[in-house]
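In this chain, numbering begins with 1 at the start of the sequence shown. Order of appearance sets the numbers: ligands from 1, and atoms from 1 within every ligand. Reckoned from all heavy atoms, side chains included, excluding hydrogens, waters and symmetry mates. What you see is a predicted model, and the numbers here were worked out from it, not measured in a lab.
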Amino acid sequence: MIDAHLHLHDEAFKDDINEVLLRARKSGVVAFVNTSTNFKDAVACLNFSRIYDSVYPCVGLAPYSDLTEIDSMLQLIEDEPDIVAVGEIGLDWPYEKKPAQIEIFKKQIEIAKELDLPVVVHSRSAGKYCIEILKEMKVEKVLLHSFDGGIKHARVAFDLGYHFSIPVTVIKSPQKQQLAKEIPEKLLLLETDSPVLNPNGGRNEPANLVISRDFIAELKGLEPKTIESITEVNTRKFFKI
Ligand SMILES: [Zn+2]
């Protein structure tokens with residue numbers, strides 16, 4: 001399996017990262033798409049990938065970060081050839097500065113298109129608007145991570161060929177269960193968003209991917225092994241890793 005979205009360079013892992021990675025590998029997680037949210041975090045994310053094997057950096061300015069960092073972020077994305085995707089970028093409506101969020105989202109979509117990189121989208125209470133912008137800008141390689149929007153918006157995204165990474169919270173969220181049930185197999189990826197989104201509270205870690213693998217297998221009437229291979233193939237293809 002591949003954890004398509006998480007934050008391994010986070011403070012929460014600083015004392016036991018080696019054990020966390022070992023547990024992940026023992027449970028069958030073979031690679032990680034390590035994601036950043038602001039400039040300092042992006043530098044840490046890139047450094048992390050240089051130290052650890054099979055950890056691929058995804059770099060971008062999240063809508064809840066300091067949006068004045070956009071120019072340095074765009075420069076960093078342009079300068080670093082190892083980046084596998086631009087993210088997490090998107091819209092987070094509970095935060096303020098909606099027009100600025102939209103502008104920064106669009107700038108990062110532009111650079112992703114220029115560099116032919118996929119985008120990893122964070123949307124909070126803004127799924128419909130994210131999909132509208134992506135559609136309008138004719139973006140093709142899209143991963144909607146931990147999508148919280150309604151199924152009718154997700155269906156629009158399915159038709160556009162957008163991918164979704166489903167987090168472990170699927171075991172508790174009826175919205176994510178419906179998404180997992182309806183999503184075409186070729187668009188399905190798995191994520192933990194570690195260290196956050198542990199459905200049982202506390203720190204999340206990539207070894208927990210087995211929980212959603214088993215749960216989604218049951219939902220879709222498939223073997224866990226099948227979910228493993230489908231999602232691994234989809235993730236490798238999507239990020240070209
Ligand atoms: Zn995240």
Side-chain angles (χ1 to χ4, degrees), residues 1-14 17 20-21 24 29 31-49 52 55-67 69 73 76-77 83-95 101 104-105 108-109 112 117-127 130 134 141-149 162-170 172-173 175-176 179 188-209 211-212 231 235 238-239 241:
M1 284 174 287
I2 300 177
D3 194 334
H5 182 102
L6 82 173
H7 309 268
L8 285 170
H9 53 289
D10 192 278
E11 274 283 290
F13 294 122
K14 77 174 186 338
I17 185 64
V20 168
L21 290 173
V29 186
F32 312 83
V33 180
N34 199 34
T35 307
S36 64
T37 58
N38 62 46
F39 186 78
K40 195 174 152 221
D41 192 51
V43 173
C45 173
L46 286 158
N47 285 336
F48 193 94
S49 292
Y52 294 94
V55 178
Y56 301 93
C58 168
V59 168
L61 191 60
Y64 49 81
S65 297
D66 175 5
L67 302 180
E69 292 182 349
M73 184 61 84
L76 185 69
I77 295 170
I83 292 171
V84 298
V86 175
E88 51 190 281
I89 60 173
L91 303 174
D92 194 314
W93 277 171
Y95 278 80
Q101 285 190 32
I104 268 112
F105 184 33
Q108 294 182 97
I109 290 173
L117 289 171
V119 292
V120 174
V121 176
H122 163 106
S123 70
R124 200 156 138 240
S125 310
C130 280
L134 292 157
K141 287 183 266 176
V142 176
L143 174 63
L144 294 157
H145 113 82
S146 191
F147 187 70
D148 72 351
Y162 296 174
H163 293 67
F164 288 77
S165 50
I166 312 264
V168 190
T169 48
V170 66
K172 292 210 169 143
S173 156
Q175 176 263 340
K176 288 192 175 52
L179 180 63
L188 173 66
L189 278 66
L190 299 175
E191 67 161 273
T192 62
D193 206 7
S194 301
V196 298
L197 297 190
N198 184 336
N200 302 312
R203 186 181 75 169
N204 200 3
E205 63 173 75
N208 289 338
L209 222 50
I211 301 171
S212 43
T231 56
T235 310
F238 182 80
F239 290 107
I241 57 175

Spell out, as yes or no, whether a donor-acceptor pair under 3.5 Å connects the side chain of Glu88 to the backbone of Thr37.
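Not a single qualifying donor-acceptor pair exists.
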Side-chain (Gln108) to main-chain (Val86) donor-acceptor, under 3.5 angstrom:
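It does not hold such a pair.
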I'd like to verify the contacts: list protein N, O or S atoms under a distance of 2.8 Å from the Zn ion (ligand 1).
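You should have found His5 NE2, His7 NE2, Glu88 OE2, Asp193 OD1.
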With Thr231 via side chain to side chain contact (heavy atoms under 4.5 Å, CB included) - residues at least two apart:
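Applying side chain to side chain contact (heavy atoms under 4.5 Å, CB included) to Thr231 gives Leu188, Leu190, Ile227.
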If only side-chain N and O atoms count, and only distance matters, is there a donor-acceptor pair under 3.5 Å linking Asp3 with Thr192?
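Checked: Thr192/Asp3 side chains pair up, N/O donor to acceptor below 3.5 Å.
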For the residue pair Leu46 and Ile83, what are the closest heavy atoms and their distance?
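Looking at all heavy atoms of both residues, the shortest contact is CD2-CG1, 3.9 Å.
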Minimal non-hydrogen separation, Pro63 against Ile89, with atom names
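In terms of heavy atoms, the two residues are closest at CD-C, 4.2 Å.
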